[in-house]
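Index from 1, following the sequence.
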Amino acid sequence: MDAVLLAHRAQLIRFLESHGAGDAAEDLFQELWMRVTQRPSGPVGNPLAYLYRAANNLMVDRYRAERQSRVRDQAWTEARGAVEDVTPDPSAEERLIVREQLARMDAALSALGERASRCFRRFRLDGVPQREIAVELGVSLSTVESDLRRAYAALLAVRRQSDDA
């Protein structure tokens with residue numbers, strides 16, 4: 001097979017160029033050489049036809065890879081564009097609404113008392129485990145859990161009021 005590749009090198013490169021390889025024809029010929037010589041194969045009846053078929057398959061693989069790359073890049077671009085379109089910078093009105101909601105939630109937590117408010121903030125905002133909060137406050141774990149349930153209920157009520165308005 002090596003002798004046939006060497007004897008018909010120029011023809012195979014022209015074939016690759018004419019099928020769209022352009023400047024990459026030399027590189028594709030090298031890849032063809034690697035594919036053909038590294039794979040164990042039995043006797044080939046018409047080695048030149050076999051090489052042209054292998055070169056054509058190499059070009060088909062190249063086209064498929066390029067097409068998949070374009071599709072993937074297009075999907076990525078569209079996904080990034082969609083994300084950017086969905087999450088623009090908030091307007092002044094939206095920022096005002098969020099501040100008002102935060103103030104209502106803060107007031108709801110404060111209305112529960114210092115311990116419940118502190119339990120919620122330490123657990124949800126600081127990420128402190130409930131057991132550590134119980135030790136810090138000198139209360140039982142079930143008390144911390146109860147305070148968290150009350151805080152969640154209060155915040156849910158504020159959220160429902162906002163949704164109804």
Side-chain angles (χ1 to χ4, degrees), residues 12-36 38-39 53-165:
L12 288 166
I13 289 175
R14 278 194 307 272
F15 173 83
L16 291 168
E17 288 172 340
S18 69
H19 282 80
D23 294 336
E26 289 282 341
D27 294 334
L28 288 171
F29 178 79
Q30 292 300 319
E31 189 173 337
L32 174 66
W33 183 293
M34 297 300 288
R35 281 188 181 188
V36 170
Q38 287 182 352
R39 290 187 184 157
R53 172 65 79 177
N56 188 58
N57 290 344
L58 189 62
M59 290 303 300
V60 169
D61 290 348
R62 182 174 184 238
Y63 287 133
R64 284 181 183 154
E66 287 175 0
R67 187 182 71 232
Q68 288 173 346
S69 176
R70 281 192 308 271
V71 167
R72 184 180 54 246
D73 290 346
Q74 181 65 30
W76 174 249
T77 301
E78 288 173 4
R80 286 184 49 99
V83 168
E84 290 172 3
D85 291 342
V86 172
T87 57
D89 289 336
S91 67
E93 180 183 3
E94 291 169 330
R95 285 192 295 263
L96 180 62
I97 291 170
V98 168
R99 280 191 209 122
E100 289 174 357
Q101 287 176 336
L102 285 173
R104 285 193 298 272
M105 289 182 176
D106 189 46
L109 285 174
S110 295
L112 295 175
E114 175 62 29
R115 189 186 69 211
S117 177
R118 187 168 176 198
C119 282
F120 177 80
R121 283 178 169 71
R122 294 290 288 149
F123 182 67
R124 295 301 295 176
L125 301 179
D126 299 336
V128 177
Q130 293 179 15
R131 287 191 190 280
E132 286 183 32
I133 296 169
V135 171
E136 283 177 16
L137 299 177
V139 297
S140 68
L141 180 59
S142 63
T143 301
V144 171
E145 291 169 349
S146 175
D147 285 346
L148 287 173
R149 278 193 301 275
R150 289 181 33 232
Y152 289 135
L155 293 175
L156 184 59
V158 169
R159 179 67 183 241
R160 285 184 181 149
Q161 288 172 352
S162 295
D163 290 345
D164 291 341

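With sequence neighbours left out, Leu141 forms a side-chain contact (heavy atoms from CB on, under 4.5 Å) with Gln130, Arg131, Glu145. In this structure Asp61 satisfies the side-chain hydrogen bond (donor to acceptor under 3.5 Å, both in side chains) test together with Arg35, sequence neighbours excluded. Applying the side-chain hydrogen bond (donor to acceptor under 3.5 Å, both in side chains) rule to Ser140 yields the partners Ser142, Thr143; only residues at least two apart in sequence or on another chain are considered. Looking at residues two or more places apart in sequence or on another chain, you find a salt bridge (Lys or Arg N to Asp or Glu O under 4.0 Å) between Arg159 and Asp163. Taking the salt bridge (Lys or Arg N to Asp or Glu O under 4.0 Å) definition, one finds that Glu26 meets it with Arg9, sequence neighbours left out.
Glu114 contributes atom CD, which lies 9.0 Å from atom CG of Leu137 (distance to the nearest 0.5 angstrom). Put simply, CZ on Arg70 and CD on Gln74 are 10.5 Å apart, with the number rounded to the nearest 0.5 Å. For the atom pair CD of Glu17 and CD1 of Ile13, the computed distance is 7.0 Å after rounding to the nearest 0.5 Å. Between the CZ atom of Arg62 and the CD atom of Glu66 there is a distance of 4.5 Å, given to the nearest 0.5 Å. The distance from the CG atom of Leu28 to the CH2 atom of Trp33 is 15.5 Å, given to the nearest 0.5 Å. For the atom pair CD (Glu94) and CD1 (Ile97), the distance works out to 7.0 Å, reported to the nearest 0.5 Å.
In this structure, Tyr63 and Gly20 approach most closely via the heavy-atom pair OH-CA, 3.5 Å. Residues Phe29 and Leu16 approach most closely at N-CD1, 3.7 Å, considering heavy atoms. Pairing each heavy atom of Val36 with each of Ala54, the nearest pair is CG2-CB, 4.3 Å.
Under 4.0 Å is where a charged nitrogen must lie from a carboxylate oxygen, and between Asp147 and Arg150 at least one such pair does.
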Show the atom names and distances, to 0.1 Å, of all donor-acceptor pairs under 3.5 Å that link a side chain in residues 117-124 to residues at least two apart or in another chain.
residue	atom	partner	partner atom	Å
Ser117	OG	Arg121	NH1	2.5
Arg121	NH2	Asp106	OD1	2.2
Arg122	NE	Glu136	OE1	3.2
Arg122	NH1	Asp126	OD2	3.0
Arg122	NH2	Glu136	OE2	2.7

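Counted within 6.0 Å of CG on Asp23, heavy atoms from surrounding residues, nucleotides or ligands total 12 or fewer; the atom is thus considered open.
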Practice problem: I would like to know whether Gln101 and Val158 meet side chain to side chain contact (heavy atoms under 4.5 Å, CB included); could you show each step before the answer? | Solution: CA-CA 8 Å; Gln101 287 176 336; Val158 169; over 6 Å; no
